[in-house]
Student: 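Below is one structure. I have some questions about it.
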Number of protein chains: 2
Amino acid sequence: MSAPRKPRATTAARPPASAQEALGRTTRQRSALLAIIAREARPLSPYELHELAVRELPSISQSTVYRNLRALEAAREIHAVSIPGQQPRYELAEIASHHHHHFHCRGCDRVYDLEGCPGGLRGLLPRGFTLEEHTIVLSGKCRTCAA
Amino acid sequence: MSAPRKPRATTAARPPASAQEALGRTTRQRSALLAIIAREARPLSPYELHELAVRELPSISQSTVYRNLRALEAAREIHAVSIPGQQPRYELAEIASHHHHHFHCRGCDRVYDLEGCPGGLRGLLPRGFTLEEHTIVLSGKCRTCAA
DNA sequence: TTGCACTTGGGAATTCATTTGCATATAGTA
DNA sequence: TACTATATGCAAATGAATTCCCAAGTGCAA
C-alpha cells in the first residue's frame with residue numbers, strides 16, 4: 001500500500017519519476033494538476049481544479065480530476081481540507097503538514113491559508129472531554145473582494 | 001426552491017401575538033420536534049432528530065422532520081450549525097444567539113456546545129481581509145466515549 | 001361539532017458530487 | 001520503435017441527502 005517515500009526534490013512540476021512511483025504513470029494530466037495545486041498555494045475544490053486545468057489541457061475531464069485527487073491523496077502528496085458547508089478542498093501535503101487554519105471568502109468563494117493559531121482551545125473543553133484536533137475557519141472578504 | 005409561504009386565506013382576523021404565527025398549525029409532530037431540540041440542548045442532525053422523534057411518535061416520517069426543520073428555521077426558531085464533513089445540525093435559535101463554539105465527538109458522532117471563545121482571531125487575518133464570522137470546531141472524545 | 005385548508009406519511013423523484021464501465025490514447029520500457 | 005498495462009474522456013451509474021407528490025389525516029376557527 002504505502003510505499004516508502006524518497007526525499008523530495010523541489011517543486012513537482014517535473015519531478016524525478018522515482019518520487020511518484022506509488023502513483024503510477026506521470027501523465028500530462030497528473031503533472032498539470034499537481035503543478036496547479038502547487039502554484040495556486042491555496043486549497044482547491046475539485047471544481048476549481050478542473051476549471052484551472054482546462055485552461056492548459058482543454059479536454060481534461062472531471063473524472064480525471066477526481067481520479068487523480070484520490071490517487072494523490074492516497075500517495076500523501078496532497079491533503080483534504082474541509083470547510084463547513086463546502087466541498088472538500090485539496091492542498092499540498094507539505095503545506096498541510098504544518099499547523100495552520102483557513103479563511104473562506106464569501107465574495108469569491110476561495111479558501112486561503114492563514115498563518116498561526118490562537119491557542120488556548122483546551123480551556124474550552126468540558127471536563128472529561130479529550131481533544132484530538134481542532135479546526136478554525138474565518139470568513140469574510142478577501143483583499144480583492146473587500147476592495 | 002419552494003414557493004414562499006402564503007398568508008392564511010380563510011381566516012382574516014388572527015391574534016398576531018404569537019411569535020410562531022408564521023409557522024402555521026401546532027401539530028403533534030412539530031411540538032415533539034421542537035421539544036426534543038430544546039431538551040437535548042445540543043445541535044441535532046435531521047437523522048438524529050428523526051431517531052429521537054420516532055420514540056414518541058412512531059410513525060413520524062423523515063419528510064416531516066425536514067419540512068419542520070425548514071419551517072422552524074425560516075421562522076427563526078432554530079438555527080443551522082455546520083461542522084466540516086458533516087450533515088447540518090440544528091439548535092434553538094435562542095442558544096445559537098449567544099456566541100459559542102462546538103465539539104464533535106469522534107466516538108458517538110454527537111456535537112456539543114462549548115462555552116467561550118479564545119479570541120485574538122483577527123490577528124490571523126492577512127492585510128486587507130475583512131472578518132465577518134468565525135467557526136471553531138474541536139474534536140476528540142466526549143466524556144462518555146473517553147471513558 | 002363541522003368543514004376545510006394545512007399537514008402528514010411514505011414512497012418516488014430530484015439534486016449534486018463522485019464513481020464507474022468501456023473504448024481509445026499513451027507513458028514507460030523492452 | 002513497438003508493445004502492453006495504465007490512464008483518460010465521456011457518458012451512464014451510484015449514493016446520500018433532501019424535496020416533492022398526493023391521498024388521507026387533523027388542527028382550529030366558526
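In the text below, chain A, chain B and the rest are named by the order of the sequence lines, each starting its count at 1. Computed over heavy atoms, backbone and side chain alike; hydrogens, waters and symmetry mates excluded. The structure presented is a predicted model; accordingly, all values stated were derived computationally and were not measured.
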Student: Would you say the side chain of B/Ser59 and the base of C/dG9 hold a donor-acceptor pair, judged only by whether the two atoms sit under 3.5 Å apart?
Tutor: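 No pair found.
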
Student: Could you tell me how far apart B/Arg30 (CZ) and D/dT26 (C1') are, to the nearest whole angstrom?
Tutor: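 In whole Å, D/dT26 C1' and B/Arg30 CZ are 14 Å from each other.
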
Student: Could you identify which residues cluster with B/Leu124, counting Ile, Leu, Val, Met, Phe, Trp and Tyr as linked when any side-chain heavy atoms lie under 4.5 Å apart, either directly or through a chain of such contacts?
Tutor: A/Phe103, A/Tyr112, A/Leu114, A/Leu121, A/Leu124, A/Leu125, A/Phe129, A/Leu131, A/Ile136, A/Leu138, B/Phe103, B/Tyr112, B/Leu114, B/Leu121, B/Leu125, B/Phe129, B/Leu131, B/Ile136, B/Leu138

Student: Hey, does the side chain of A/Arg70 come within less than 4.0 Å of D/dA7's phosphate (OP1/OP2), counting only N and O?
Tutor: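 For D/dA7, neither OP1 nor OP2 has a side-chain N or O of A/Arg70 closer than 4.0 Å.
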
Student: Is the count of non-hydrogen atoms from other residues, nucleotides or ligands lying under 6.0 Å from B/Gln87 atom CD greater than 12?
Tutor: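 Yes, because the 6.0 Å sphere around CD of B/Gln87 holds more than 12 heavy atoms from other groups.
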
Student: Between atom CG in A/Leu23 and atom P in C/dA27, what is the gap in whole Å?
Tutor: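 These atoms are roughly 16 Å apart.
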
Student: Rounded to the nearest Å, what distance is computed from the CG atom of residue A/Leu34 to the P atom of nucleotide D/dA7?
Tutor: 15 Å

Student: Round to the nearest Å and state the distance from B/Arg25 atom CZ to C/dC6 atom C1'.
Tutor: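 Value for this atom pair: 4 Å.
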
Student: Using five base pairs at each end to define the local axes, how bent is the helix from C/dT1-D/dA30 to C/dA30-D/dT1, to the nearest 10°?
Tutor: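 Computed from the C1' atoms at both ends, the axes differ by 30°.
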
Student: Check B/Arg89 with B/Asp113, please: is the shortest side-chain N to carboxylate O separation under 4.0 Å?
Tutor: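 No, no charged N to carboxylate O under 4.0 Å.
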
Student: Would you say a side-chain N or O of B/Thr26 is under 4.0 Å from OP1 or OP2 of D/dC28?
Tutor: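 So the side-chain polar atoms of B/Thr26 do come within 4.0 Å of the phosphate oxygens OP1 or OP2 of D/dC28, strictly under.
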
Student: CG of B/Leu69 versus C1' of D/dT19: gap in Å, rounded?
Tutor: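 Nearest whole value for this atom pair: 13 Å.
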
Student: Quick one, B/Thr135 and B/Val81 - any side-chain contact, counting heavy atoms below 4.5 Å?
Tutor: no

Student: Let me spell it out: for each of B/Gln29 and A/Thr64, pick the nucleotide of DNA chain D with the closest heavy atom. Which residue's pick is nearer the 5' end?
Tutor: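 Its nucleotide being nearer the 5' end, the pick is A/Thr64.
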
Student: Find the distance A/Leu57:CG to C/dA27:P and express it as a whole number of Å.
Tutor: 11 Å

Student: Please determine if B/Glu40 and B/Arg110 form a salt bridge, counting it only when a charged side-chain N lies under 4.0 Å from a carboxylate O.
Tutor: no

Student: Compare the minimum distances between each of D/dG9, D/dT6, C/dT8 and the side chain of B/Asn68, then state the nucleotide with the smallest one.
Tutor: C/dT8

Student: When we call it a touch if two heavy atoms are under 4.0 Å apart, what does B/Ser63 touch: a base, just sugar-phosphate, or nothing?
Tutor: base

Student: Are B/His100 and B/His98 close enough that their ring centres sit under 6.0 Å apart?
Tutor: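 Centroid separation for B/His100 and B/His98: below 6.0 Å.
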
Student: Give a yes or no on whether B/Leu49 and B/Leu23 share a hydrophobic cluster (residues Ile, Leu, Val, Met, Phe, Trp, Tyr; joining criterion: side-chain heavy atoms under 4.5 Å apart).
Tutor: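 Both belong to a single hydrophobic cluster.
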
Student: Please tabulate, one pair per line, each protein N/O and nucleotide N/O from nucleotides 15-18 of chain D that are separated by under 3.5 Å, including the distance.
Tutor:
| from | atom 1 | to | atom 2 | distance (Å) |
| --- | --- | --- | --- | --- |
| D/dT18 | OP2 | B/Tyr66 | OH | 2.5 |
| D/dT18 | OP2 | B/Gln87 | NE2 | 3.2 |

Student: Would you say that A/Pro126 contacts B/Arg143 through its side chain, given a criterion of any heavy-atom pair below 4.5 Å between the two side chains?
Tutor: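 Side chain of A/Pro126 against side chain of B/Arg143, heavy atoms only: contact under 4.5 Å found.
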
Student: Can you measure A/Arg67 atom CZ to C/dA17 atom C1' for me and round it to whole angstrom units?
Tutor: 15 Å

Student: Going through the checks in order, is the salt bridge (Lys or Arg N to Asp or Glu O under 4.0 Å) test met by B/Arg28 and B/Glu56?
Tutor: CA-CA 10 Å; B/Arg28 264 174 308 143; B/Glu56 345 196 323; over 6 Å; no

Student: How many Å lie between CG on A/Leu33 and P on D/dA7, as a whole number?
Tutor: 14 Å

